[in-house]
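Contents: one structure, followed by commentary.
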Amino acid sequence: MSGQPQSHSSPRSPVWDPSHQGTGTLPPTHGGLAGGGVVFAGVLMLVNGVLAVLQGISAIAEDDVYADLGDYVYKINLTGWGWLLLSVGVVTAVVGGSILRGAEWARLTGILLASLNLILQFLFLQYAPIWSIILIATDVFVIWALAAYRPPVSS
């Protein structure tokens with residue numbers, strides 16, 4: 001070192017050259033908000049499926065989790081609700097995992113299952129009103145995310 005300050009334009013320092021801007025390729029997009037929503041929808045379906053299985057098991061076991069409502073508009077007893085929730089929960093968890101793996105068939109199946117789960121949760125409102133409303137809102141998001149997503153077209 002000679003004791004003099006080095007110039008910033010020395011050959012060793014990087015040179016800012018605006019002519020090189022925009023020459024790189026952009027990273028692949030995954031559909032914006034809907035693309036990220038599909039991943040989140042897959043996770044939600046997986047988790048909701050597992051929770052529906054647990055909800056169904058507690059209804060089948062006639063645990064004290066749900067009160068006996070007696071005369072309810074929909075004439076399905078708690079054990080019947082348990083089997084419905086258990087079976088839909090298992091299928092929903094499998095489809096949610098398939099969405100996360102990127103299976104093409106899983107998007108349409110996910111929309112159908114989220115719609116079915118939305119209806120089941122509406123009918124189950126009497127037993128667990130707050131939880132059913134949360135799951136109905138979740139199902140609406142899952143339906144939107146899976147329906148709005150357009151996979152990138154490969155050339």
Problem set entry | From CG (Leu84) to OG1 (Thr79), nearest 0.5 Å | 11.5 Å
Exercise. Should Val140 and Leu120 be regarded as members of a common hydrophobic cluster, given that ILVMFWY residues are connected when their side-chain heavy atoms come within less than 4.5 Å of each other, either directly or indirectly?
Worked result: yes
Exercise. Do Phe122 and Leu85 belong to the same hydrophobic cluster, where Ile, Leu, Val, Met, Phe, Trp and Tyr are linked whenever their side-chain heavy atoms lie under 4.5 Å apart, directly or via other members?
Worked result: yes
For this session: Kindly indicate whether the side chain of Phe124, heavy atoms from C-beta on, has any atom under 4.5 Å from the side chain of Leu135.
Result: no
Exercise. If you take all heavy atoms of Ala106 and Ile99, which pair is closest and at what distance?
Worked result: CB-CG1, 3.5 Å
Exercise. Can you get from Val94 to Val43 by hopping between Ile, Leu, Val, Met, Phe, Trp and Tyr side chains that sit under 4.5 Å apart?
Worked result: no
Problem set entry | Closest non-hydrogen atom pair, Ala114 against Val142 | CB-CG1, 3.9 Å
Problem set entry | Heavy-atom pair of closest approach, residues Leu116 and Val88 | CD2-CG2, 3.9 Å
Exercise. Does the side chain of Leu86 reach to within under 4.5 Å of the side chain of Trp83, using non-hydrogen atoms?
Worked result: yes
For this session: With the side chain counted from C-beta on, respond yes when Gln121 and Thr138 share a heavy-atom pair under 4.5 Å apart, and no when they do not.
Result: no
Exercise. Do Asp139 and Ser115 come within less than 4.5 Å of each other through their side chains, counting heavy atoms only?
Worked result: no
Exercise. With hydrophobic residues grouped by side-chain heavy-atom distances under 4.5 Å, do Trp105 and Leu146 end up in a single group?
Worked result: yes
Exercise. Between atom CG of Leu118 and atom CG of Leu123, what is the distance when rounded to the nearest 0.5 Å?
Worked result: 10.0 Å
For this session: Spell out, yes or no, whether Phe141 and Ile111 are grouped together once hydrophobic residues are joined by side-chain heavy atoms under 4.5 Å, including indirect joins.
Result: yes
Exercise. Partners of Leu46 by side chain to side chain contact (heavy atoms under 4.5 Å, CB included), sequence neighbours excluded?
Worked result: Ala93, Leu100
Problem set entry | Spacing of CE belonging to Met45 relative to OG1 belonging to Thr109, to within rounding of 0.5 Å | 8.5 Å
Problem set entry | Nearest heavy atoms of Leu125 and Ile133, plus distance in Å | CD2-CG1, 3.8 Å
Exercise. Are any side-chain N or O atoms of Ser132 and backbone N or O atoms of Pro129, one a donor and one an acceptor, separated by less than 3.5 Å?
Worked result: no
Exercise. Of the non-hydrogen atoms in Ala52 and Gly89, which two are nearest, and what is the gap between them?
Worked result: CB-CA, 3.7 Å
